[in-house]
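A quick write-up on the structure given underneath.
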Protein chains: 2
Amino acid sequence: MEKFFIPNSVAVIGASSKKGKIGYEILRNVLSSGTKTYPVNPKRKEILGLKCYPTVEDINDEVDLAIIAVDAKRCIDVIERCGRKGIKYAVVISGGFKEVGREDLEKSMVEIARQYGIRIIGPNCIGVYNGSNGFNTFFQRNMQLPPAGNVAILTQSGTFGIALLEKFAQEGIGVSKFVSYGNKADVDEVDLIEYFLSDGATEVIAMYVEDIGRKFFERDFSKPVIILKAGRSKLGQRAASLHTGAMASRYEIFRGVCRQKGVIAADDFEEFFGVAKIIAMQGLPKGNKIDIITNGAGPSVLACDFIENTELELAGDVVDLTGSATASDYIKAIDESKADIILLTFVFQDAPLAETLDELYREIAKRKKFFIALAIGGSFVEEQRKKLAQLSIPSFDEPRVAIKSLNRVVEYAMRK
Amino acid sequence: MEKFFIPNSVAVIGASSKKGKIGYEILRNVLSSGTKTYPVNPKRKEILGLKCYPTVEDINDEVDLAIIAVDAKRCIDVIERCGRKGIKYAVVISGGFKEVGREDLEKSMVEIARQYGIRIIGPNCIGVYNGSNGFNTFFQRNMQLPPAGNVAILTQSGTFGIALLEKFAQEGIGVSKFVSYGNKADVDEVDLIEYFLSDGATEVIAMYVEDIGRKFFERDFSKPVIILKAGRSKLGQRAASLHTGAMASRYEIFRGVCRQKGVIAADDFEEFFGVAKIIAMQGLPKGNKIDIITNGAGPSVLACDFIENTELELAGDVVDLTGSATASDYIKAIDESKADIILLTFVFQDAPLAETLDELYREIAKRKKFFIALAIGGSFVEEQRKKLAQLSIPSFDEPRVAIKSLNRVVEYAMRK
């Protein structure tokens with residue numbers, strides 16, 4: 001499936017010359033990655049400075065990947081032409097298939113694709129992103145994309161996919177590859193998990209799903225896999241069926257299977273993101289004993305409340321350095337800690353600490369312990385988050401989320 | 001208690017000339033609010049361009065408020081001098097009292113204060129902030145402070161107080177007044193709730209507590225009060241006692257009393273902040289029927305899952321405008337909605353919407369409905385959040401938090 005991520009040449013079928021249109025934005029995004037790009041639209045001779053072709057068969061070159069953004073009804077014909085052209089990979093962005101009751105259109109399209117040996121991602125999706133070279137098939141704009149890294153993101157929801165990518169970008173966490181697979185008419189979660197379990201760049205796999213087949217679980221998971229499943233309730237399942245045509249089975253069954261296979265089923269979006277970032281940045285802890293070191297005890301009291309019913313064990317009392325703490329107070333406490341995990345709570349706004357931040361980061365970088373950070377605030381704190389991310393330290397802005405995510409990671413680590 | 005918030009003159013006792021020291025930062029903050037300020041420190045003749053006095057009694061002027069940042073052991077003497085000077089209000093920032101086992105120091109200090117009729121906020125706190133004039137007693141730096149508004153914040157944790165203020169600032173939500181009351185040796189939550197229930201600028205009261213007395217509940221709450229209580233568990237209570245000397249009673253009892261009196265007990269920090277901002281910006285909804293309007297269905301599926309076990313009722317199916325939606329699609333759906341509450345989910349990054357944002361905001365401003373927004377993303381989305389806040393629309397970046405917070409607001413509204 002490499003060509004989905006590193007195509008030598010791409011045809012954008014349904015390219016548009018009008019800014020704001022999906023067919024325009026996709027073309028723009030593909031072009032900006034430096035990939036050889038061919039817009040296809042019978043109504044235009046040229047778009048964004050590129051020669052525009054009436055059909056994909058008119059392109060005088062090999063095409064590795066087709067990105068299709070035309071009406072659902074026309075997709076069957078388009079896929080036929082792609083097949084005749086010899087294209088083997090297609091991303092169908094267009095909606096209007098199973099999720100609106102037109103499963104017939106989807107089935108016909110896939111049938112033709114199979115005749116020609118074309119693999120299809122979608123339909124009704126936003127496609128792919130390759131962290132290492134920036135290639136993407138998106139129609140989004142004003143999006144921050146994350147740097148290259150070790151987390152693969154798989155999603156049935158384009159929206160969640162975008163949200164997750166931006167959050168990764170904001171916090172400086174890297175992504176290997178991203179796939180929004182929509183209605184999964186052809187390429188599904190089974191194809192994807194097989195690919196990513198062997199993808200060298202990927203160490204952690206994070207998935208958002210509305211439905212997931214049993215076949216997905218028929219394997220050993222050699223890498224940490226975190227799944228956020230929606231459509232858990234009647235209301236959610238109805239919304240899911242209208243979204244991607246998903247027919248979700250009972251949530252408790254799903255949770256049970258995950259537990260058996262060592263797959264982490266996240267309770268909500270924040271836990272999902274929290275677990276992914278802890279494992280991506282720190283790996284797995286060697287045990288469950290935790291020390292909390294802080295210069296402002298409030299959030300630590302709540303953190304302790306949340307620790308109560310988890311696998312975590314406090315190694316000792318909260319180490320409260322008080323509001324007059326400087327970097328060296330933190331470093332001393334870190335060096336004295338014998339815990340498996342250190343939760344550093346920072347009130348960055350307290351001037352004595354703010355004055356000594358360079359020293360703090362410099363010295364923490366020399367200590368190879370399992371760190372997570374908790375800090376709540378505005379733009380100054382956001383800057384510090386980025387600095388912590390550069391030290392590969394995941395930081396949280398809410399005690400409940402920090403503890404819950406950490407607990408899931410510890411549960412997983414203690415299983416192995 | 002007005003003089004705590006609008007003092008004509010302030011003495012900063014324990015002022016320091018060294019940047020980064022608590023006594024320096026407080027002086028700086030007080031000065032920058034334009035209040036007449038007198039630094040007190042026997043070792044200095046001048047700090048920050050102001051004449052520095054050896055003791056507070058040497059000041060040749062009336063002093064309304066004393067902010068005290070000297071060692072706990074010296075506070076008794078300092079309070080005595082303030083008393084002789086005729087000062088009636090003091091904020092004791094210093095720690096080293098009950099929370100480290102020196103309740104005796106605290107009791108002595110308050111005894112002397114009572115002899116002179118001095119009210120004390122603290123000790124072991126960060127003091128006050130007045131949203132309308134910017135006056136504050138903080139030693140923090142690089143802090144964004146929120147604008148003037150209708151929410152009063154009361155907190156036993158300075159750290160949480162800072163976090164909450166910055167979050168309010170970040171999201172453009174206004175604060176009437178803020179009090180961090182630390183060990184509550186004198187002024188306590190009973191004094192404060194009485195004050196704020198009659199404070200004209202305050203419409204919503206948000207409190208973080210580690211312990212809270214029964215007397216607090218012996219009244220009718222004429223304004224919405226939201227409380228985040230920490231120290232719910234053995235672990236948390238131990239941490240709380242080391243923090244402020246709090247002796248917390250059983251959490252279930254607390255929840256029960258809140259339910260009886262119509263006080264909202266928040267489960268966690270995000271729900272606490274979420275409820276406060278919904279009520280501050282939109283007030284109370286007239287019913288529990290909710291419509292979800294979105295251009296990207298993923299988060300809506302999860303939102304529906306979370307709606308399932310709440311007081312909220314979906315008015316109809318999720319209105320999925322799809323990724324090609326523009327402003328006018330949203331406005332049309334808003335106008336067609338008959339629900340009490342409209343949850344607008346925005347994928348701002350989708351170009352068709354991004355192109356029409358001016359129209360979106362202009363038209364939404366004309367519709368007087370009960371709106372909350374959900375949007376997840378990076379800096380572009382953060383900018384949109386601020387624009388929504390200008391329209392007084394609270395926005396969330398996580399479906400679970402949005403629904404849970406909204407549910408608490410609806411529960412409260414349906415009680416009244």
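None of the values given here were measured: they were computed from a predicted structure. In what follows, every heavy atom counts, from backbone to side chain, and hydrogens, waters and symmetry copies are set aside. Residue numbering restarts at 1 for every chain, and letters A, B, ... go by the order of the sequence lines.
A 6.0 Å sphere centred on NZ of Lys18(A) holds no more than 12 heavy atoms belonging to other residues, nucleotides or ligands.
Taking CD1 of Ile376(A) as the start and CG of Leu164(B) as the end, the distance is 9.0 Å to the nearest 0.5 Å. We find the CG-CG distance between Leu235(B) and Asn309(A) to be 9.0 Å, quoted to the nearest 0.5 Å.
When heavy atoms are compared at a cutoff of 4.5 Å, Glu171(B) does not approach chain A at all. Neither the backbone nor the side chain of Leu165(A) comes within contact range of chain B; no heavy atoms are under 4.5 Å apart. Proximity to chain A (any heavy atom under 4.5 Å) is restricted, for Ala354(B), to the side chain, taken from C-beta onward. Neither the backbone nor the side chain of Leu353(B) comes within contact range of chain A; no heavy atom of the residue lies under 4.5 Å from a heavy atom of that chain. Of the atoms belonging to Phe306(B), it is side-chain heavy atoms, and not backbone ones, that fall under 4.5 Å from chain A.
The side chain to side chain contact (heavy atoms under 4.5 Å, CB included) with Glu308(B) is formed by just one residue from the set Gln237(A), Arg232(A), Lys234(A); it is Lys234(A).
Each of Glu398(A), Met143(A), Lys21(A) has some count of heavy-atom pairs under 4.5 Å with chain B, and the biggest count is that of Glu398(A). Ranked by non-hydrogen atom pairs under 4.5 Å with chain B, the options Ile162(A), Leu302(A), Asp320(A) are led by Leu302(A). Among Gln349(A), Glu270(A), Arg238(A), the residue making the largest number of heavy-atom pairs under 4.5 Å with chain B is Gln349(A). In terms of heavy-atom pairs under 4.5 angstrom with chain B, the leader among Asp317(A), Val347(A), Ile22(A) is Asp317(A). Most heavy-atom pairs under 4.5 Å with chain A, from the set Phe380(B), Phe348(B), Phe269(B): that is Phe380(B). Heavy-atom pairs under 4.5 Å with chain A were tallied for Ser324(B), Ala169(B), Cys304(B); the largest tally goes to Cys304(B).
The minimum heavy-atom distance linking Ala351(A) with Glu25(B) is given by the pair CB-CG, 3.3 Å. Shortest non-hydrogen contact noted between Pro399(A) and Phe160(B) is CG-CZ, 4.3 Å. Taking all atoms of both residues into account, the shortest heavy-atom contact from Gly296(B) to Thr159(A) is CA-OG1, 3.0 Å.
Remark: side-chain polar atoms of Asp305(B) are paired, donor with acceptor, to backbone N or O of Ser233(A) under 3.5 angstrom. Proximity of a side-chain donor or acceptor of Gln170(B) to a complementary backbone N or O of Ser379(A) within less than 3.5 Å is not detected.
At least one side-chain heavy atom of Val301(A) sits less than 4.5 Å from a side-chain heavy atom of Tyr208(B). The shortest distance between side-chain heavy atoms of Val381(B) and Glu166(A) falls below 4.5 Å.
Remark: Asp350(B) does not engage Arg141(A) in a salt bridge, criterion side-chain N to carboxylate O under 4.0 Å. For Asp397(A) and Lys167(B), the salt-bridge test passes: some basic side-chain N is under 4.0 Å from an acidic carboxylate O. With respect to Lys19(A) and Glu355(B), a salt bridge is recorded, a charged nitrogen being found less than 4.0 Å from a carboxylate O.
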